Amino acid sequence: MPVKLYDTQTRAVKTLAQTSDRPLYFYCCGPTVYGPAHIGNFRTFLIQDLLVRVLKVAGYSVKHVRNITDVDDKTIRQSRAKKQNLQEFTNYWTNKFHNDCKILNLLTPSLEPRAVEHINEMIQLTQKLVEKKFAYQGSDGSVYFSVKSCKEYGKLNRIDQSELKTQNNNSAGSANLADEYGRESISDFALWKSRKEEDGENYWKSPWGEGRPGWHLECSSMIYKSFDGNTIDLHGGGIDLSFPHHENEIAQSESAYGKTLCNHWFHCAHLRVENKKMSKSFKNLYTLDELLDKGYSPTAIRYTLISSSYRQPLNFTFDGLRASQSALTKIERFAKALLNKLGKDTDNFNHDYVKADVIKNHGLLQDAWESLCNNLNTAACLGSIFGLIGSNPISKMDAEESENLLKSIGTILYALGINLFTETTKDSIIPNAILELAKARWDAKQNKDYAKADTLRNKLKSAGWEIKDSSADYEIHPID
RNA sequence: GGCGCGGUCGCCAAGUGGUAAGGCCGAGGACUGCAAAUCCCCUAUCGUCGGUUCGAUUCCGACCCGCGCCUCCA
């Protein structure tokens, strides 16, 4: 099944095609490791992960490279503030990032290059640009890319160079003080930044003196190294990176190497929180830990962040999180009913069914699967799943049909990165005293001693547990 | 000012040139000793005004409103 995806550059939905028999080359701008990633960052990483998963189920092989930005203004500033050396500091936050990724069920990329390990490549790239007269050393010692030397500059974002020259007059932001740096033109950007006092020990030797790489340069170098200088098939990141970061990557790489950097650009829209832009002053910039502390499950968080169109800004709300949790419960009930039909319990569902099987026919969920292949239309996919659930098909199905449907659901859930029945901890930590009270109440109820049953139920309630009966059994749940 | 994105049921949200998926919440019903859970069931003409068309929410134009980028923010 071909996977189609919107391309920022051509502004059209295009089919992703693997070049010859090599994997699809996919590069993502990864995190800058100077603190915990927030859920907005994770939206982008989750959408990228969703794409990789969909590609796998669709039968593509993918080389997924996601970098770690571990040397830049922020990492240097923060590490010095904490009086740690840069590596010690970024290692800590890299580990934290990996841990968060694991909790959110992100697949590990094929390769995770670190910027600080590519300084030589960055110097070589800068040298090449200087030799070819695309770059120059400014009066402050830094090396800048000359935007006017690059005729195609602006092609990703359709920006006219004449606009760039006057941007500090037209820009909504504050004036961009060109003379604070040694640039010839306001739109030129730094490839190599000369050493400054505030960089501390974080500098490297180069033909232009001691200094450190510019941010844009890092990705160009890591892409070149990771994919052996080949044009890559797909490049992703948050929409804010489209300009200037990705535009600058194109300018650097294509000017230096004379070949197209990337054929397809994949950008994820931003997250808003309670309808406000995320910011520390609004106190709405949540990290994964903060949401987990509030009692939301990782699966519900993941579901919330991937269940609407990645090209639209997502308004993240706690109502939305709760809605996701309810929706997931609905899917779990359905899967459980199917499993019951086969005489199975839920314990091994994720292991036995949630897999990246490349199957031709997704049966009753073919529509759901095709929606995912169509520009990652998760909303339509989920709509199909719930449509099926609502049609109440299980009673009419035999064992083989039930088994097939479970396989189809498992495959789609793999693509979505959703595991079911993972909230087992709640049940496993019920104290024995509570278990005994609940049993006593159930027995009283069976004996039609309702007064006693209700007394015991109230007792449980005041201890923070509620009972939910079905005809043959009961469940114990903690009260939120 | 430039480049973009959007305005669909209370909230979230998909979608199509032929009269609107789905989720959450809510109403009603069944079931239940009661409750919960569960099941059933109900709720929109798609920002405004024009145009094209046999027919537009879907195409075109104008307008109103919201949002993003144009500062090393995913």
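Per chain, numbering begins at 1; letters A, B, ... match sequence-line order. Values in this document were obtained by computation on a predicted structure and should not be read as measured data.
Distance noted for atom P between B:U52 and B:C60: 16 Å (whole Å). The same atom, P, is picked in B:G23 and in B:A44; the two are 15 Å apart, to the nearest Å. The separation of B:A56 from B:U43, taken at their C1' atoms, amounts to 24 Å, rounded to a whole angstrom. Distance check on atom C1': B:C24 versus B:G18 gives 31 Å, rounded to whole Å. Going from the C1' atom of B:U16 to that of B:C25 covers 28 Å, rounded to whole Å. Comparing B:G66 with B:U8, their P atoms are spaced 14 Å from each other, to the whole Å. Here, B:U53 and B:G61 have their C1' atoms 16 Å apart, quoted to the whole Å. Straight-line distance between the C1' atoms of B:C40 and B:C54: roughly 41 Å, to the nearest whole Å.
Closest contact between the side chain of A:Asp469 and the listed nucleotides B:A36, B:C70, B:A14 involves B:A36. For A:Asp240, whose side chain is taken as the heavy atoms from C-beta onward, the closest listed nucleotide among B:C73, B:A14, B:A35 is B:C73. The side chain of A:Ser326 sits closest to B:C25 out of B:C5, B:A14, B:C25. The side chain of A:Arg333 lies closest to B:A37 when the candidates are B:G23, B:A37, B:C3. The side chain of A:Lys330 has B:G23 as its nearest neighbour among B:C3, B:G23, B:C34. Comparing B:A74, B:C24, B:A14 by their closest approach to the side chain of A:Ala323 singles out B:C24. Distance from the side chain of A:Arg11 is smallest for B:G4 among the nucleotides B:A21, B:C34, B:G4. For A:Ser308, taking side-chain heavy atoms from C-beta onward, the closest of the listed nucleotides B:C5, B:A74, B:A13 is B:A13. For A:Phe243, whose side chain is taken as the heavy atoms from C-beta onward, the closest listed nucleotide among B:C69, B:A14, B:U38 is B:C69. Distances were taken from every side-chain heavy atom of A:Ala453 (C-beta onward) to each of B:A74, B:A14, B:G33; the shortest belongs to B:G33.
Between A:Arg80 and A:Asp199 there is no salt bridge, since no side-chain N of the basic residue sits under 4.0 Å from a carboxylate O of the acidic one. The existence of a salt bridge linking A:Asp49 and A:Arg302 is confirmed by a sub-4.0 Å separation between a basic side-chain nitrogen and an acidic carboxylate oxygen.
In summary, the aromatic rings of A:Tyr286 and A:Phe318 are positioned with their centroids under 6.0 Å apart. Aromatic rings from A:His216 and A:His246 are positioned such that their centres are separated by 6.0 Å or more. Aromatic rings from A:Phe45 and A:Phe97 are positioned such that their centres are separated by under 6.0 Å.
Using a 4.0 Å heavy-atom criterion, one finds that A:His38 contacts the bases of the nucleic acid, with or without backbone contacts as well. Using a 4.0 Å heavy-atom distance criterion, A:Leu241 is classed as a sugar-phosphate-only contact. Counting non-hydrogen atoms under 4.0 angstrom, A:Ile47 reaches nothing in the nucleic acid. Using a 4.0 Å heavy-atom cutoff across all strands shown, A:Gly320 reaches no nucleic acid atom at all. Residue A:Ser309 is in sugar-phosphate contact alone, with no base atom involved, counting any heavy-atom pair closer than 4.0 Å across all strands shown. The residue A:Leu314 sits apart from the nucleic acid: no heavy atom pair falls under 4.0 Å.
For the pair A:Asn41 and B:C73, the criterion of a side-chain N or O lying under 4.0 Å from OP1 or OP2 is not met. Using a 4.0 Å cut-off, some side-chain N or O of A:Lys74 falls inside it from OP1 or OP2 of B:C73.
The distance between atom CD1 of A:Ile239 and atom P of B:C73, rounded to the nearest whole Å, is 15 Å. What separates CG of A:Leu372 from P of B:G15 is a distance of 12 Å, to the nearest Å. One can place CD1 of A:Ile306 at 20 Å from P of B:G22, the figure rounded to the nearest angstrom. Between the P atom of B:A13 and the CG atom of A:Leu376 lies a distance of 17 Å, rounded to the nearest Å. As a whole-Å value, the separation of A:Arg158 CZ from B:C69 P is 20 Å. Distance CZ (A:Phe42) to P (B:A74): 12 Å, rounded to an integer number of Å. Residue A:Lys452 contributes atom NZ, which lies 17 Å from atom C1' of B:G33 at whole-angstrom precision. Rounded to a whole Å, the CZ atom of A:Arg441 is 13 Å from the P atom of B:C34.
At a cut-off of 3.5 angstrom, counting only N and O atoms as typed in the model, there is no donor on one side facing an acceptor on the other between the side-chain of A:Asn157 and the base of B:G4. Judged by atom type and distance alone, A:Arg457 reaches the base of B:C34 through a side-chain donor-acceptor pair under 3.5 Å.
Along RNA chain B, the nucleotide nearest to A:Asp72 and the one nearest to A:Asn392 differ in position, and the one closer to the 5' end is contacted by A:Asn392. For the pair A:Asn377 and A:Cys29, nearest-nucleotide mapping onto RNA chain B gives the more 5' position to A:Asn377.
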**Request:** Determine, step by step, whether A:Ile76 and A:Arg212 satisfy the side chain to side chain contact (heavy atoms under 4.5 Å, CB included) criterion, reporting the C-alpha distance in whole Å, the side-chain angles of both residues, the deciding distance to 0.1 Å, and the verdict.
**Result:** CA-CA 11 Å; A:Ile76 290 173; A:Arg212 60 185 175 91; 3.4 Å; yes

**Request:** Tell me, with the steps shown, if A:Glu112 and A:His98 meet side chain to side chain donor-acceptor pair (under 3.5 Å).
**Result:** CA-CA 11 Å; A:Glu112 239 182 342; A:His98 285 153; 2.7 Å; yes

**Request:** Start with the C-alpha gap between A:Tyr6 and A:Tyr310, add the side-chain angles, then the distance that decides, and say whether ring-ring contact (aromatic ring centres under 6.0 Å, His included) holds.
**Result:** CA-CA 10 Å; A:Tyr6 182 84; A:Tyr310 74 90; 7.9 Å; no

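Across all strands shown, B:C59 forms a Watson-Crick or G-U wobble pair with B:G51, both key distances being under 3.5 Å. Shown here, B:U45 forms no base pair; nothing in the strands shown gives a Watson-Crick or G-U wobble contact with both key distances under 3.5 Å. In this structure, B:G68 forms a base pair with B:C3, meeting either the Watson-Crick or the G-U wobble geometry with both donor-acceptor distances under 3.5 Å. Base pairing analysis places B:G28 opposite B:C40; the two distances defining the Watson-Crick or G-U wobble pair are each below 3.5 Å. In this structure, B:G22 and B:C12 make a Watson-Crick or G-U wobble pair, each of the two defining distances being under 3.5 angstrom.
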Using a 3.5 Å cut-off and no angle test, enumerate the donor-acceptor pairs between side-chain atoms of residues 378-385 of chain A and protein atoms at least two apart in sequence or in another chain.
residue	atom	partner	partner atom	Å
A:Thr378	OG1	A:Ile306	O	2.7
A:Ser384	OG	A:Ala380	O	3.2

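Lacking a ring centre under 5.5 Å from that of the base six-membered ring together with a plane angle below 30°, A:Phe386 does not count as stacked on B:G22. Judged by centroid separation below 5.5 Å and plane tilt below 30°, A:His270 does not stack onto the base of B:G68.
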